[in-house]
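Only one structure is covered here, and it is reproduced in the block below.
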Amino acid sequence: MKRKWLRLAALGMAVVLTGCQNSSPATGADSAATDNETKTESGAASGAQETGGNGNFNPEGLPIVKEKETFTIAVPQTSTLKTAAEKQCVIETEEATNIHIEWIEIPASGWEEKINIMFSTDSLPDAILGDVDMSRNFDQLVALDEYLEQYAPNVTAFFDTRDDYPNALRSPDGKVHTLPVGDESTHNIIDSHLWINQTWLDNLSLKMPETPEELKEVLIAFRDQDPNGNGKKDEIPFTFQDSWGWGTSIENIFGPFGVLENGYHVITQDGKVTFSAKEQGYYEALAWLHDLYQEGLIDKDAFTLSADQYAARGASGDILGLVAGYRAEEAGITDESEYRALPVLKGKDGTQMIGINNVTRAGGFAISKSCKNPEALVRWYDYINSSLELALKWGRGAEGVWWNILEENGEEIPQFLTIDNDVLAANGGYQSKAEYRNAESFSGKTPSLWRYEYDQKLVYDDKWPHDDKLEAVREQTKFGVVGLPAGMAVSLENTERRSILMTDIDTYLKKFIADSVINGIDEGKWEEHLKTLESLKVDEYTQLCQEFVDSVK
C-alpha cells in the first residue's frame with residue numbers, strides 16, 4: 001500500500017531539489033535562517049512520528065486521543081438553522097475520536113476576505129475546511145506527506161487506487177499541504193449541456209440531430225413549422241447566454257470542429273496544451289454560427305442577456321427549441337421533461353468532443369502550523385474518510401432520509417431516497433432538500449470526500465424521477481476533453497502571470513466571438529485576429545499552461 005505513496009513522495013522531493021539547483025545559493029543570515037528552519041521542520045516531523053506529538057495521542061485505533069482535546073477549524077457557514085457543532089455527524093465523530101472541534105463558521109460571502117486576513121496576520125485556526133489560495137499560502141500550512149504515511153491508512157489506500165492523487169494536491173514545494181473534500185459528482189463533470197425540445201421534434205416528426213448540418217435543418221424547422229402549435233411565429237430556435245463559462249454557454253458547440261472553448265481557452269490532449277482560438281476549427285465554428293445567426297436561428301439577444309433575463313427566457317411559454325444550461329431549467333423552462341440533451345455532435349471527419357471538468361478535488365482541508373497536534377487532525381480526517389457510511393452522514397445527513405446503504409454480493413451500494421414534503425416535515429420541517437442538506441450535513445464542504453467511485457455505484461429508489469442530466473453525462477463523458485488538469489501551479493509566478501495575461505485575453509475573445517457570430521468572419525478578419533492574439537502573448541500564456549500541465553504530470 002505504501003509503495004506508490006513513497007515513490008510519489010520521493011518524486012515530489014526530486015521536484016524540490018531540482019528547483020533548488022536552479023536557484024542562487026543563500027548567503028549569510030538568510031542561509032543560516034534557512035538551515036534553522038529546515039532543522040526545526042524536520043525535527044518536528046520526526047518527533048511527531050516517534051511520540052505522536054504528545055502522550056495523549058493514539059497512533060492507531062479509537063479514540064484518536066485518550067483525553068478529549070479541542071481543535072479550531074474554520075468552515076463556510078452552510079446553514080443559519082443549525083450550527084456546525086449541532087450536526088449529528090459532528091457529535092458522533094467526537095464520541096468516537098475524543099476530538100472536540102470549535103467551529104469558526106464564516107458566511108460564504110465573506111470567506112475569501114476573512115481567510116486572507118487570517119493568513120496575512122498569521123492568526124490561523126488549527127485547520128481550514130474550505131477554499132485556500134495554496135500557491136500563496138502553502139508555507140503557513142503543515143506538510144502532510146509524512147503524517148499521511150504514518151497515520152492515514154484509509155486515505156493513502158484510496159490514493160493508491162487513483163492516478164490523480166496525490167499529485168493534484170502538491171504545492172509548489174512538491175509536498176502535500178491540503179487534502180480533498182466535497183463531492184466528486186458525476187453530474188458536475190459536464191457543466192454546459194445543450195438541451196433540445198423533444199416535444200417539438202416529435203410534433204414535427206424530426207429525428208434527433210447528430211451533426212452540425214442536421215442541427216441547422218432542425219432549427220430551420222423550429223423556425224418555420226410552428227412546433228408549439230399556437231399559430232404564431234414566436235419560436236426562438238436556439239438561445240444561450242454566454243460564449244464560455246458555467247452552464248449557459250456555447251463552449252461545447254465548437255466540438256465537432258475539433259476545438260472547445262472554456263475558462264482557460266486551452267484544451268489538453270495527451271499532455272499537450274492547445275490554445276483553441278488559434279485553431280482553424282475555431283474559425284469554422286464561428287462561420288457556422290454566423291450562418292445560423294443570419295438565418296434567424298439564434299436568439300438576437302443571446303450575447304447581451306443577463307443571468308436573470310436568461311432565467312426568464314422561457315417563462316412566457318413554450319417558445320424555446322435549443323437552450324444551453326447545466327439543466328434545461330437554466331433558461332426558465334418549467335417542464336424539463338420535454339427536453340433531452342443534444343448528443344455530442346459529430347464533425348465531417350467524425351470528430352466528437354465535449355468539455356469536461358476534472359472530477360479530482362485539488363484540496364479543501366488544510367492544517368495550519370499553529371496546530372500543536374497535526375497528527376491527531378490527520379487521523380480525524382482519515383477516520384471521516386474510512387467508510388461510505390461516514391461519507392454519507394457528513395455530506396447528506398441522517399441514514400434513512402436522503403440515503404441508505406444496500407448490500408449486493410458483499411459490496412456496499414449507496415442508494416438515494418426521494419425526499420418529498422412529507423419526508424421534510426418528518427425530519428426537521430425543512431422547506432427544501434437543499435435546506436435539509438445544508439442544515440443536517442456539511443453539504444459540498446464536507447471533510448468526507450464523496451468519491452467518484454461511490455457516485456458510479458449510486459442507485460435510486462423507485463420514486464426518484466428520471467435524471468436526464470445524469471444520463472447525458474454518463475453517455476457523453478467518453479468524448480470528454482479537459483481544459484487543464486486539476487492541480488496547483490509549479491510556482492506562484494506561473495499562476496500570477498497566467499492570470500494577468502488571461503484578463504486581456506478574456507476581454508478580447510468575448511468581443512471577438514460575439515462580433516464574429518453577429519457580423520460574420522472571413523479570412524481577412526481571421527488574419528487580424530491571429531495578429532491580435534500574438535499581441536496578447538497567447539503563445540507565452542500557452543507555454544505557461546504547458547508548464548503547469550507538465551508539473552502536475
Side-chain angles (χ1 to χ4, degrees), residues 187-188 190-204 206 208-209 215-216 218-253 289 292-343 418-421 424 430-438 464-473 510 513-514 517-518:
H187 284 85
N188 296 335
I190 300 174
D191 285 341
S192 299
H193 263 114
L194 293 171
W195 302 91
I196 194 164
N197 194 322
Q198 181 66 51
T199 301
W200 286 12
L201 291 175
D202 294 341
N203 289 346
L204 301 179
L206 298 170
M208 182 70 76
L215 177 58
K216 179 184 175 181
V218 165
L219 295 177
I220 289 172
F222 286 174
R223 180 194 66 191
D224 296 341
Q225 297 182 30
D226 191 26
N228 61 15
N230 65 359
K232 301 177 183 178
K233 230 173 172 22
D234 57 353
E235 292 86 0
I236 300 175
F238 180 18
T239 189
F240 52 88
Q241 190 206 342
D242 218 334
S243 300
W244 66 80
W246 187 88
T248 58
S249 76
I250 53 168
E251 57 186 30
N252 288 316
I253 204 74
L289 285 166
L292 299 187
Y293 191 88
Q294 272 191 314
E295 292 276 355
L297 306 177
I298 290 179
D299 187 346
K300 61 181 176 60
D301 297 320
F303 290 103
T304 59
L305 292 168
S306 68
D308 288 342
Q309 288 170 331
Y310 189 71
R313 208 67 177 138
S316 59
D318 182 22
I319 62 169
L320 302 180
L322 180 69
V323 302
Y326 182 84
R327 294 180 184 271
E329 67 182 6
E330 255 69 59
I333 291 162
T334 55
D335 188 358
E336 286 189 318
S337 66
E338 294 186 351
Y339 286 76
R340 295 290 180 272
L342 187 73
T418 302
I419 298 181
D420 55 24
N421 290 334
L424 291 171
Y430 297 105
Q431 299 301 305
S432 67
K433 284 175 61 176
E435 188 175 77
Y436 167 83
R437 187 183 181 194
N438 289 335
W464 196 278
H466 181 74
D467 193 334
D468 290 303
K469 172 70 178 181
L470 180 61
E471 182 180 272
V473 173
K510 288 278 186 183
I513 292 172
V517 174
I518 294 169

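Nearest heavy atom pair, residue L204 against residue P227, reads CD1-CB, 3.8 Å. Summarising the geometry of M208 relative to I196, their closest heavy-atom pair is SD-CG2, 3.5 Å, with the distance given to 0.1 Å. Contact record, G325 with W195: O-NE1, 2.9 Å, taken as the closest heavy-atom pair. Considering every non-hydrogen atom in both L424 and Y436, the closest pair reads CD2-CB, 3.9 Å.
For the ring pair (Phe, Tyr, Trp, His ring centres under 6.0 Å) test, no residue two or more places apart in sequence or in another chain qualifies with Y310. Residues that satisfy the salt bridge (Lys or Arg N to Asp or Glu O under 4.0 Å) test with D202, not counting sequence neighbours, are absent from this structure.
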Margin query: Please evaluate residues F240 and I253 with respect to the criterion side-chain contact (heavy atoms from CB on, under 4.5 Å), reporting the C-alpha separation (whole Å), side-chain torsions for both, the decisive distance (0.1 Å), and the verdict.
Written below: CA-CA 11 Å; F240 52 88; I253 204 74; over 6 Å; no

Notebook entry, point to check: Passes side-chain contact (heavy atoms from CB on, under 4.5 Å), V473 versus H193? Steps please.
Noted result: CA-CA 9 Å; V473 173; H193 263 114; 3.8 Å; yes

Item checked: Evaluation steps, side-chain contact (heavy atoms from CB on, under 4.5 Å), between R313 and D299 -> CA-CA 10 Å; R313 208 67 177 138; D299 187 346; 2.8 Å; yes

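Residue K233 qualifies as enclosed at atom NZ: its count of foreign heavy atoms under 6.0 Å is above 12. Within a 6.0 Å sphere centred on NZ of K300, heavy atoms belonging to other residues, nucleotides or ligands number 12 at most. Within 6.0 Å of CG in N421 there are 12 or fewer heavy atoms belonging to other residues, nucleotides or ligands.
The backbone N or O of L470 sits less than 3.5 Å from a side-chain atom of D467, completing a donor-acceptor pair. Remark: side-chain polar atoms of D234 are not paired, donor with acceptor, to backbone N or O of I319 under 3.5 angstrom. Side-chain atoms of D318 never come within 3.5 Å of backbone atoms of N228 as a donor-acceptor pair (strictly under, hydrogens ignored).
No side-chain donor-acceptor contact under 3.5 Å links N197 and N203.
Between L320 and F222 there is no side-chain heavy-atom pair separated by less than 4.5 Å. S243 places a side-chain heavy atom less than 4.5 Å from the side chain of F303.
Using a 4.0 Å cut-off between a side-chain N of Lys or Arg and a carboxylate O of Asp or Glu, R327 and D468 do not qualify as a salt bridge.
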